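In this text, all values refer to a predicted model and were calculated from it rather than measured experimentally.
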Amino acid sequence: MLDELACIAFSRATDYVEIRDGKAFVKDSAGLSDSAARALVSIREGTKGVEVKLGDKLKALELLGRCMGAFDKDSEPAGSAGALILDDIEE
């Protein structure tokens with residue numbers, strides 16, 4: 001489940017669409033990485049062009065943050081435990 005959320009949370013528009021000469025081109029789906037394909041909800045062609053719909057990135061980031069305890073009041077930010085500030089070291 002965390003892998004699926006990570007695929008959505010860290011997906012990028014440039015994985016699916018390329019801008020050339022001011023025009024947007026949808027990339028060939030055969031060339032998508034596994035994680036990029038997992039973040040896709042749908043691709044459909046409409047009257048105004050192709051619509052590429054991805055999973056909700058903000059929701060995926062929020063859920064990942066909750067799973068990792070990033071929003072717990074008692075927890076310290078990741079990487080802060082045992083941090084050494086190099087500016088405070090005298091030579």
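- Between D15 and K27 the shortest heavy-atom distance is O-CD, 3.6 Å.
- Counting Ile, Leu, Val, Met, Phe, Trp and Tyr side chains that sit under 4.5 Å apart, directly or through other members, I8 stands alone, with no cluster partners.
- Between the CE atom of M1 and the CG atom of L64 there is a distance of 9.0 Å, given to the nearest 0.5 Å.
- Looking at heavy atoms from C-beta onward, V50 lies out of side-chain contact with Y16 at the 4.5 angstrom threshold.
- There is no path of hydrophobic side-chain contacts, each under 4.5 Å, that joins V41 to V26.
- Judged by distance alone, the side chain of D56 and the main-chain N or O of L58 form a donor-acceptor pair under 3.5 Å.
- The pair K53-E51 does not count as a salt bridge, with every side-chain nitrogen at least 4.0 angstrom from each carboxylate oxygen.
- Taking CG of L40 as the start and OG of S29 as the end, the distance is 8.5 Å to the nearest 0.5 Å.
- Pairing each heavy atom of C7 with each of A39, the nearest pair is O-CB, 3.5 Å.
- Proximity of a side-chain donor or acceptor of D28 to a complementary backbone N or O of G31 within less than 3.5 Å is not detected.
- With rounding to the nearest 0.5 Å, the separation of CG in L5 from NZ in K57 is 12.5 Å.
- Counting heavy atoms from C-beta on, the side chains of L2 and C67 come closer than 4.5 Å.
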Inset, instruction - Let me see the working for D3 and R38 under side chain to side chain contact (heavy atoms under 4.5 Å, CB included), right down to the final yes or no. - result: CA-CA 10 Å; D3 287 342; R38 291 165 64 187; 3.5 Å; yes
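- Atom-to-atom distance recorded for R12:CZ and L54:CG is 12.0 Å, nearest 0.5 angstrom.
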